[in-house]
Amino acid sequence: MGEIVPFQDLNLTPVPAVGNGTAASTTGILKVPKIEPKLEPLDEGPIDAQPLQEQDDAYFQDPAPLNFYSDPQNTSLPQSAIVSAEQDNVYSEYNRISEIFRAAFAKRLEFGDDVTALDPDAGAIVPVNTENEVAPILVPRAQRKYAKRSSELVRVTDLQIEDKRYFREMVRSTRLLFDSFRVFAVAEEQKRLSAMGPYFRKPRGDLLAASVMRDRGLWINRDKRIVGSIPGIEIGDVFFFRMELCVLGMHGQAQAGIDYLPGSQSSNGQPIATSIIVSGGYEDDEDAGDEITYTGHGGQDKFGKHCVHQKLEGGNLAMERSMHYGIEVRVIRGFKYEGSISSKIYVYDGLYKIHHYWFDMGKSGFGVYKFKLSRIEGQEEMGSAILKFAGSLRARPLSVRPTGYIHLDISNRKEIVPVMVFNDIDNFGDPLYHEYLPKTVFPPHLCNSGGSGTGCECVSGCVDGCFCAMKNGGEFAYDQNGFLVRGKPLIFECGRFCKCPPSCRNRVSQRGLRNRMEVFRSRQTGWGVRSLDLIHAGSFVCEYTGVVLTREQAEIFAMSGDTLIYPSRFSNRWTEWGDLSRIYPDYVCPTYPALPPLDFAMDVSRMRNVACYMSHSTTPNVMVQFVLYDHNNLMFPHLMIFATENIPPLREISLDYGVADEVTGKLAICN
DNA sequence: GATAAGTCATGGCA
DNA sequence: CTGCCATGACTTAT
């Protein structure tokens with residue numbers, strides 16, 4: 001080994017604070033006057049009288065099936081919907097937008113294509129706006145020119161709170177784009193492939209999204225090689241693809257488990273490891289959470305069997321050098337996760353230090369390098385530990401948390417999965433005193449407008465181009481997995497006059513809650529909501545229910561001081577989900593059908609559902625999307641809540657309730 | 001579970 | 001110093 005340059009000579013300088021606080025103007029999760037009902041102590045409430053008991057039946061024990069499309073036997077859904085085709089003309093705008101996307105994808109350049117139409121000054125991708133010409137989505141591989149990964153090794157320290165918000169928002173929007181584009185790209189690529197003939201392999205949305213985003217220069221954290229935590233990424237954040245980690249600068253290797261700055265790029269010629277992925281791919285690994293014995297890479301054949309001794313080179317050498325300099329590494333754990341959209345999930349578990357390493361005989365009889373890592377103290381709880389905890393909580397809530405639960409299902413089996421109530425802070429228990437309302441109640445005349453209507457004829461489920469697809473502008477709002485492709489002013493799901501079964505892909509939000517929820521008491525937000533299941537970005541979470549009041553009724557109610565929800569005041573966060581303007585410069589956010597002013601309010605004072613307890617945030621992880629299915633009045637849509645981020649179990653769900661009223665200074669949600 | 005298609009960064013070489 | 005290309009890697013989906 002050559003001469004060792006001491007740690008302080010390494011070019012490890014803190015990055016100056018970047019954020020200026022303008023990216024996010026207000027705080028994260030706030031204490032707001034959401035629905036603050038009259039909180040009553042539980043002195044003579046039902047809780048003490050009826051101690052909770054662990055429930056063993058399927059309703060409490062079975063995990064919610066994520067792929068509900070494989071359940072055509074489920075006929076419990078109401079077939080009460082009236083949908084007519086009268087709006088067909090207003091969807092021409094949708095059709096036009098869809099055509100742009102389809103054409104863009106169809107015109108993907110292949111290797112060797114002529115690229116003279118591309119403008120070299122505008123980066124890799126250029127829209128060609130002549131008639132009938134659209135931008136290609138991918139530049140031919142041979143033509144791609146990417147900015148190199150930086151070799152400047154830095155550690156980011158002392159971020160101010162506004163800097164943290166800035167970076168969190170940057171990460172959030174990047175992930176949002178990755179997720180929504182991934183969903184979209186798979187759907188479009190499938191259309192393109194099927195137009196060319198039969199195909200056998202589902203396209204990989206992770207690769208498509210990452211590749212297109214790289215073309216557009218949308219990968220982040222490439223201008224610095226960051227040691228330690230990545231600003232904007234928190235312990236416990238969950239990822240579904242290795243490429244997503246590359247896009248975020250978390251871990252730059254598409255497959256390799258050790259990411260490092262090679263010695264050839266390092267200021268002192270020494271390689272430095274920055275992150276590792278622990279996912280059980282090496283038989284000699286031992287993972288005890290805080291302590292890891294990590295096996296170096298190499299020595300395996302293509303089937304994953306060791307066949308030669310490992311060498312102290314590449315990532316292995318970088319690990320040894322990081323140990324020598326006392327440099328921390330990020331640890332990301334990979335799991336198999338039942339019901340996930342991808343085969344594995346990846347969880348950021350925080351920073352570890354390498355304490356020693358040795359050369360050892362592996363179980364295969366070939367030599368391997370082993371590294372002993374231990375977690376740096378004082379960090380947030382490990383994300384992987386929370387995932388495991390949530391898993392046991394789903395099965396045996398009262399054994400895992402003997403105190404705190406005051407109800408195991410406030411829905412009283414009105415939902416498909418339980419909604420529990422947890423309070424280990426005080427003795428308030430008002431969620432127990434409201435009737436649970438699984439679906440919004442509309443004025444009777446809306447849903448009973450005669451026995452005739454129009455709908456699709458898809459007896460075995462809706463297909464591309466069917467009547468209901470056309471009503472949504474020629475494309476369904478949801479992909480084959482039930483994920484929202486992009487937000488729209490309004491979505492038409494199939495309804496009563498459709499011939500399709502309840503399992504139809506166009507009936508996502510009317511199926512109700514799919515994730516086991518917990519209403520919990522919090523010192524910061526009063527009541528809050530968290531899920532025991534991992535929620536995928538783009539998936540339906542729940543409806544925001546209440547009893548619909550017309551304006552006249554609402555005025556009377558408001559005078560009497562009841563709590564009302566005004567749907568028109570929810571901020572238009574749906575425009576962010578699927579906003580591809582950073583990929584398609586001429587992207588137009590869907591604007592049709594133009595909704596009339598939503599001139600109604602919802603009373604949630606007596607009857608409500610789990611959504612009512614969600615906290616407000618200006619950096620929310622869910623949003624409201626308007627949906628129609630059981631009647632046809634554009635003025636009275638359902639308020640459906642969809643996830644805009646991957647929400648790990650037990651992380652608080654937050655919603656943007658809209659801006660504060662300028663006159664009263666109150667947040668808009670309450671009157 | 002074997003296999004095929006796909007990607008990245010690295011490192012050697014011209 | 002740059003560009004090219006082979007290589008290895010705890011992937012992902014069928």
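So that the names make sense, note that chain A is the first sequence line, chain B the second, and so on, each numbered from 1. Since the model is a prediction, treat every value here as computed from it, not as a measurement.
Looking at residues two or more places apart in sequence or on another chain, you find no ring-ring contact (aromatic ring centres under 6.0 Å, His included) involving Phe389(A). By the side chain to side chain donor-acceptor pair (under 3.5 Å) test, Thr644(A) pairs with no residue at all, sequence neighbours left out. In terms of the side chain to side chain contact (heavy atoms under 4.5 Å, CB included) criterion, residue partners of Lys202(A) (sequence neighbours excluded) are, by chain and number, Val186(A), Gln190(A), Asn481(A). By the salt bridge (Lys or Arg N to Asp or Glu O under 4.0 Å) test, Asp223(A) is found to be paired with no residue, residues two or more places apart in sequence or in another chain being considered. Residues that satisfy the salt bridge (Lys or Arg N to Asp or Glu O under 4.0 Å) test with Lys370(A), not counting sequence neighbours, are Asp360(A). Partners of Asp290(A) by salt bridge (Lys or Arg N to Asp or Glu O under 4.0 Å), not counting sequence neighbours: none found.
No donor-acceptor contact under 3.5 angstrom links the side chains of Tyr584(A) and Asp579(A), judged on distance only.
Evaluation of the salt bridge (charged side-chain N to carboxylate O under 4.0 Å, His left out) test over residues 259-288 of chain A, restricted to residues two or more places apart or in two chains, returns Arg149(A)-Asp259(A), Asp287(A)-Arg333(A). Sequence neighbours left out, the pairs with a member in residues 341-364 of chain A that pass ring pair (Phe, Tyr, Trp, His ring centres under 6.0 Å) are His356(A)-Trp358(A), Tyr357(A)-Phe371(A), Phe359(A)-Tyr369(A).
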Got a list of side-chain donor-acceptor pairs under 3.5 Å for residues 231-244 of chain A, not counting sequence neighbours?
residue	atom	partner	partner atom	Å
Asp237(A)	OD1	Arg651(A)	NH1	2.8
Asp237(A)	OD1	Arg651(A)	NH2	2.9
Asp237(A)	OD2	Arg168(A)	NH1	2.8
Asp237(A)	OD2	Glu234(A)	N	2.9
Arg242(A)	NH1	Gln255(A)	O	3.3
Arg242(A)	NH2	Gln253(A)	O	3.3
Arg242(A)	NH2	Gln255(A)	O	2.9
Arg242(A)	NH2	Ala256(A)	O	2.5
Glu244(A)	OE1	Phe240(A)	N	3.2
Glu244(A)	OE2	Arg175(A)	NE	3.1
Glu244(A)	OE2	Arg175(A)	NH2	3.3

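Looking at Gln255(A), its side chain comes within 3.5 Å of the base of dG6(B) through a donor and an acceptor atom.
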Below 3.5 Å is the cut-off: list the nitrogen or oxygen pairs between protein and nucleotides 12-14 of chain C, distance only.
residue	atom	partner	partner atom	Å
dT12(C)	OP1	Arg242(A)	N	3.0
dT12(C)	OP2	Tyr346(A)	OH	2.8
dT12(C)	O4'	Arg204(A)	NH1	3.3
dT12(C)	O4'	Arg204(A)	NH2	3.1

Pair assignment for DNA chain C - dot-bracket with | for other-strand partners, Watson-Crick or G-U under 3.5 Å | .||||||||.||||
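Taking a 4.0 Å limit (strictly below) on heavy-atom distances, residues 348-371 of chain A does not reach DNA chain C anywhere.
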